[in-house]
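So the structure is just underneath, and the comments pick up after that.
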Amino acid sequence: MKNLPTDLLRAFVTVAELKGFTQAGELLGRSQPAISLQIKRLESLVDQTLLARNGQSLELTPAGQQLYKYAKQILALNDEAVAKFRKTAVTGTIKFGIPSEFATTLMPKIVGRFAEAYPSVTLEVHSELSKNLLNGARRHNYDLMLVLSDDSRKAGGQLVKEDELVWAASADHDVHSQSVLPLIVAPEGCIYRDRGIGRLQESQRDWRVVYTIPDLTGIQAAIKAGLGVTPIARSTVPEGMRVLKQSDRLPKLGTVGVHLIDQTNGPNEAVNRLIEFVRTALQ
């Protein structure tokens, strides 16, 4: 009888869920070629093709769909057994503050896997503008914060990455070609909003705010309807939105710093593990 190694199954499930070898590698801390090799080894063991390209997307084959169900069950049992016999189980409650745009795109990648790996840790996620998260009266409500900053030297915490800001619009509309650029943005105080409007003013491009919506889900719906464009971090551009090419009419937006700020007093194993998950997902 052949055995199916759990590392191969975990790579397969991650690729299937994130729909990409590169994305899976980022989350698992491995290179894209290493993940690809693991999938080939698994396909060799089961003598089936598990993943197939359909245009730009990566999809499970019929055999892949069957194995995915088994792999989830196997990994769940494996992780439950490891957690059961781990000498020092990780427990606790983490209050995690995160910008709304990252809550929509990043958290689905993290919450499920973190909960599977550390079932005794309760994760309470609160979504706010970075400005509000850093507000002196509120910031002590959180154990860990993920925040965006215009000035990485002043933000504090750990700089995880510099993220490029881009202009994004519907894949089916060309509203960016209008003489007056329609903007869909978050309320005042949002770094994306301030940067986008500032650069448009510098380039003397006419613009107007057509919708102000506090969360990325609402912005995404308005963009999909073809109502305008929005400035956004490249790593958080949702499916169904396209990144527009920069030009004189769409000025370069620069970058923002993405920081993790640990506010716990003293060592906290649960928070340390969450930091590892977030850093891996972002880098």
Side-chain angles (χ1 to χ4, degrees), residues 2-61 63-65 67-72 74-76 78-79 82-83 90 98 101-102 104-118 144 146 148 152 157-166 232-239 241-243 255-260 269 271-283:
K2 295 179 180 178
N3 294 317
L4 300 179
T6 54
D7 61 330
L8 303 187
L9 293 176
R10 199 175 299 279
F12 168 63
V13 167
T14 306
V15 170
E17 292 180 347
L18 300 185
K19 299 186 182 301
F21 292 94
T22 301
Q23 297 92 322
E26 290 173 351
L27 188 60
L28 296 175
R30 307 205 65 181
S31 66
Q32 183 271 332
I35 296 294
S36 180
L37 181 60
Q38 286 184 305
I39 300 302
K40 289 180 180 178
R41 286 179 56 200
L42 184 60
E43 289 180 327
S44 177
L45 283 171
V46 298
D47 196 24
Q48 296 283 344
T49 299
L50 302 174
L51 296 159
R53 287 282 179 189
N54 183 8
Q56 295 295 320
S57 63
L58 191 65
E59 297 181 353
L60 291 170
T61 64
Q65 293 174 0
L67 183 60
Y68 176 80
K69 295 177 182 178
Y70 286 119
K72 290 285 288 184
I74 293 169
L75 290 173
N78 174 83
D79 295 345
V82 171
V90 180
I98 185 170
E101 51 276 271
F102 279 87
T104 301
T105 57
L106 174 65
M107 291 314 295
K109 298 179 183 179
I110 294 177
V111 172
R113 294 198 167 278
F114 188 81
E116 289 179 4
Y118 305 104
L144 182 68
L146 182 74
L148 305 173
S152 295
Q158 306 174 29
L159 176 63
V160 179
K161 66 181 294 187
E162 292 280 346
D163 209 343
E164 180 188 10
L165 293 188
V166 296
I232 190 172
R234 182 179 288 276
S235 66
T236 64
V237 176
E239 291 185 12
M241 289 170 60
R242 60 170 167 153
V243 174
T255 63
V256 294
V258 183
H259 298 254
L260 276 168
E269 187 63 21
V271 170
N272 290 340
R273 299 295 174 89
L274 179 58
I275 289 174
E276 293 174 6
F277 268 71
V278 175
R279 289 182 67 90
T280 300
L282 286 174
Q283 291 178 333

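Counting begins at 1 with the first residue of the sequence.
- K40 meets the side-chain contact (heavy atoms from CB on, under 4.5 Å) test with S36; sequence neighbours excluded.
- For the pair A52 and T61, the tightest heavy-atom approach, listed with the atom from each and the gap, is CB-CG2, 3.9 Å.
- Minimum heavy-atom separation, A11 to L28: CA-CD1, 3.8 Å.
- Nearest heavy-atom pair across D163 and A233 is OD2-CB, 3.4 Å.
- In this structure, L58 and L51 approach most closely via the heavy-atom pair CD1-CB, 4.3 Å.
- Within the 4.5 Å cutoff, the side chain of N78 has no heavy atoms near those of the L9 side chain.
- For the side-chain hydrogen bond (donor to acceptor under 3.5 Å, both in side chains) condition, the pairs that include at least one residue of residues 2-20, sequence neighbours left out, are R10-D79, T14-R113, E17-Y68, E17-K72, E17-R113.
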Practice problem: Check step by step if side-chain contact (heavy atoms from CB on, under 4.5 Å) holds for N272 and V90. | Solution: CA-CA 10 Å; N272 290 340; V90 180; over 6 Å; no
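- Partners of E59 according to the side-chain contact (heavy atoms from CB on, under 4.5 Å) rule, which considers only residues two or more places apart in sequence or in another chain, are N54, S57.
- Of all non-hydrogen atoms in A71 and V13, the two that sit nearest each other are CB-CG2, 3.6 Å.
- Counting heavy atoms from C-beta outward, V46 and L4 have side chains that approach closer than 4.5 Å.
- Legend: residues meeting salt bridge (charged side-chain N to carboxylate O under 4.0 Å, His left out) with E269, ordered by chain and number and at least two apart, are R273.
- When the side-chain hydrogen bond (donor to acceptor under 3.5 Å, both in side chains) test is applied to E164, the partners found at least two apart in sequence or on another chain are R234.
- Take T255 and apply the side-chain hydrogen bond (donor to acceptor under 3.5 Å, both in side chains) test, not counting sequence neighbours, and it matches E162.
- Between V237 and V166 there is a side-chain heavy-atom pair separated by less than 4.5 Å.
- Q38 places none of its side-chain heavy atoms less than 4.5 Å from the side chain of V15.
- For E43, the side-chain contact (heavy atoms from CB on, under 4.5 Å) partners at least two apart in sequence or on another chain are I39, T49, L50.
- One distance of note links CZ of F12 with CZ of R41; it measures 15.0 Å at 0.5 Å rounding.
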Quiz item: When you look at L274 and L144, which way does the side-chain contact (heavy atoms from CB on, under 4.5 Å) test go after all the steps?
Solution: CA-CA 9 Å; L274 179 58; L144 182 68; 3.8 Å; yes
Quiz prompt | Residue pair F21, L37: steps toward the side-chain contact (heavy atoms from CB on, under 4.5 Å) verdict | solution = CA-CA 10 Å; F21 292 94; L37 181 60; over 6 Å; no
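- Partners of R242 according to the side-chain contact (heavy atoms from CB on, under 4.5 Å) rule, which considers only residues two or more places apart in sequence or in another chain, are D174, H176, L244.
- Rounded to the nearest 0.5 Å, atoms CD (Q65) and CG (L60) are 6.0 Å apart.
- Remark: L260 CG to E276 CD distance equals 11.5 Å, nearest 0.5 Å.
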